[in-house]
Amino acid sequence: MSHDHAHDQAHDHSHTHDHPHGSDLSPVEARVRALESLLTEKGYIDPAALDTLVDLYENKVGPHAGARVVARAWVDPDYRARLLADATPTIAELGIGGRGGEHMVVVANTPETHNLVVCTLCSCYPWPVLGLPPVWYKAPPYRARAVIDPRGVLAEFGVTIPETTRITVWDSTAETRYMVLPMRPANTEGFSEEALAALVTRDAMIGTGLPGTVPPSPPEMPV
Amino acid sequence: MSEPVPKTFAAPWEAQVFALVVSLQEAGLFTWAEWADRLGREIRPADGPEQAADYGAWLATLETILAERGIAAPDSVAVRTEAFLRAAAATPHGRPIRLENDPLYRS
C-alpha cells in the first residue's frame, strides 16, 4: 500500500475518517477481491450468485427456523418422535433443510440428560436450522473445553445444570450435524406454537443456553 | 425471549469468502467433508497454537486448495491483490473500487 501523503491532514483537522485521495482496502479485503476476480474470469463463479448467497445467509437463514422445529416438537408428540428418530426428513416437513443440513441429528434434553453440541475439528454446524455459527463456537477455547469441562463451559454461559443431570457432548462433523431439543419451559400450557418458538434461543439449540422462562400466571381474581 | 440478533458476518469480506466457498463446493471442487478436513488442518499449524475456524481461516484454506488444484496460483493471487490495492488508492472515496482503476491496469 502506498502512503504518499502519509495521513498528512494538516489541511483539515476536523475529521479523520475522510480519505479524499483514495479508498481504503485492507490487505484481507484485497485478497478476497483478487480471488473473486480470478475465479470469475476463469468461469468458476458467478458474482450475482455470490450476492444471492450472502443475502440468504445474512437475512433469511437463522435460528428462527430451528425454533419452529422445537416448538412443533413440544406440541406434537408424533412429530417429536419422528424428529428424534430421523431428524432430516422430519425437519424438511416444515420446509426447512438443504445445504449444511444434509444429515442432521436432534438430541433431546431430559431431566436426566443435558446435551451440548460442539465441533472439535472446526466449525460444523446445522445451517438450515441455526444459520451460521457464532464466533465463540469456532474459537479454540469452546472447541477444546466443551469436551473436557462441559459443566465449566455451561457456567460461563450462565447455565447451571443440576449435579444429578448428566451432560452429553456431541461432536458435529461435516457429515452429521447435531441440534439440541430443549425441554419445554414450565407454565407454557396453552401457548401457541408461535409463542413457544419465541422462547427458543439459538444457544438453547446448541445446548449452551436454556429456553426463556415464563412466570406462573397469577390466580384469577374473583369477579 | 428476544436475544439481540448478532450479525452473521462481521465484515463484507467474510460474507464474500463464505459465498465463494459455498459456490465452489457446489461447483464440485470439494465435498464438505474434504473442506472440514482441510480447514481443520489449516487451524492447527505445526509451529503454533490452534486457531479459530473463522473466515480468515476459511480464506487461507481456500487459497491453499485453489493453489493445489492449479486454479489460482499464489503468485497470480498476489499480483491481483496488489492491483486491487493500487486500484483502491486511485479510487475516490465512496466510489466502487474497480480493477480498471489500477493505474497499471492493462485490459
Side-chain angles (χ1 to χ4, degrees), chain A residues 1-2 4 18-39 42 44-46 49-54 57-59 61-62 99-100 102 119 121-124 131-132 134-135 138-140 143-144 173-175 198-203 209 211-213, chain B residues 1-3 5-13 15-20 22-24 26-27 29 31-37 39-40 43 49-54 56-57 59 62-63 66 71-72 76-95 97 99:
Chain A
M1 246 189 317
S2 82
D4 297 331
D18 208 331
H19 305 281
H21 304 302
S23 303
D24 267 349
L25 202 60
S26 71
V28 70
E29 288 167 336
R31 274 165 68 200
V32 174
R33 286 192 189 224
L35 283 183
E36 186 179 337
S37 88
L38 288 168
L39 290 164
K42 296 190 175 200
Y44 283 97
I45 55 156
D46 167 14
L50 297 188
D51 291 344
T52 305
L53 274 168
V54 170
Y57 285 92
E58 262 185 340
N59 302 314
V61 179
R99 184 189 300 121
E102 291 81 2
C119 169
L121 176 65
C122 50
S123 53
C124 298
L132 299 181
V135 168
K138 305 182 275 191
R143 295 203 318 260
T173 66
E175 283 95 358
L199 297 171
V200 182
T201 60
R202 176 196 69 199
D203 289 3
T213 54
Chain B
M1 199 170 71
S2 63
E3 57 186 7
V5 180
K7 287 178 72 175
T8 306
F9 302 107
W13 71 264
Q16 293 304 112
V17 169
F18 172 78
L20 281 174
V22 169
S23 287
L24 294 171
E26 284 172 5
L29 245 62
T31 66
W32 283 126
E34 285 168 331
W35 174 258
D37 175 61
L39 180 59
I43 62 177
E50 207 171 304
Q51 311 286 312
D54 56 17
L59 175 57
L62 179 58
E63 287 176 329
L66 293 175
I71 294 169
S76 63
V77 176
V79 165
R80 186 61 60 91
T81 301
E82 287 304 315
F84 267 106
L85 290 170
R86 286 191 304 268
T91 303
H93 189 57
R95 301 277 184 78
I97 299 166
L99 201 51

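So you know, we letter chains A, B, ... as the sequences are listed, proteins then strands, and number each from 1.
Per-residue counts of heavy-atom pairs under 4.5 Å with chain B were compared for A:Arg143, A:Glu58, A:Glu36, A:Lys42; the largest is that of A:Arg143. The candidate from A:Leu53, A:Leu121, A:Val61, A:Leu35 with the greatest count of non-hydrogen atom pairs under 4.5 Å with chain B is A:Leu121. Ranked by heavy-atom pairs under 4.5 Å with chain A, the first of B:Arg86, B:Arg95, B:Glu63 is B:Glu63. Contact tally against chain A (heavy-atom pairs below 4.5 Å) for B:Ala10, B:Gly56, B:Ala33: the top residue is B:Ala33. Looking only at heavy-atom pairs under 4.5 Å with chain B, the residue among A:Gly62, A:Cys119, A:Ser123 that has the most is A:Ser123. The residue among B:Leu39, B:Asp54, B:Ile97 with the most heavy atom pairs within less than 4.5 Å of chain A is B:Ile97. Most heavy-atom pairs under 4.5 Å with chain B, from the set A:Cys122, A:Ala174, A:Ala139: that is A:Cys122. For the options A:Ile45, A:Val54, A:Leu132, heavy-atom pairs under 4.5 Å to chain B are most numerous at A:Leu132. In terms of heavy-atom pairs under 4.5 Å with chain B, the best-connected choice from A:Ala49, A:Ser37, A:Gly131 is A:Ser37.
With a 4.5 Å cut-off on non-hydrogen atoms, B:Ser76 touches chain A through its backbone and its side chain both. Looking at A:Leu38, both its backbone and its side chain come within 4.5 Å of chain B, counting heavy atoms on both sides. Both the backbone and the side chain of A:Leu50 come within contact range of chain B, judged by heavy atoms closer than 4.5 Å. The contact between B:Ile71 and chain A is made by backbone and side chain atoms together, counting heavy-atom distances below 4.5 Å. There is no contact between B:Glu34 and chain A, counting heavy-atom distances below 4.5 Å.
Applying the salt bridge (Lys or Arg N to Asp or Glu O under 4.0 Å) rule to A:Glu175 yields no partners; only residues at least two apart in sequence or on another chain are considered.
Relative ring orientation between A:Tyr57 and B:Phe18 is described as perpendicular, the plane-to-plane angle rising above 60° on a 0-90° scale split at 30° and 60°.
The side-chain heavy atoms of B:Trp32 and A:Thr173, taken from C-beta on, include no pair separated by under 4.5 Å.
Across B:Ala57 and B:Ala52, no two heavy atoms sit closer than the pair CB-O, 3.6 Å. Closest heavy-atom contact between A:Leu25 and B:Phe84: CD2-O, 3.6 Å. Residues A:Ser26 and B:Leu85 approach most closely at O-CD2, 4.2 Å, considering heavy atoms. Heavy-atom minimum distance, A:Arg99 versus A:Glu102: CA-OE2, 3.4 Å. Residue A:Asp24 comes nearest to A:Glu29 through the heavy atom pair O-OE1, 4.3 Å, listed as atom of the first residue, atom of the second, then distance. Minimum heavy-atom separation, B:Leu24 to A:Leu39: CD1-CD1, 3.9 Å.
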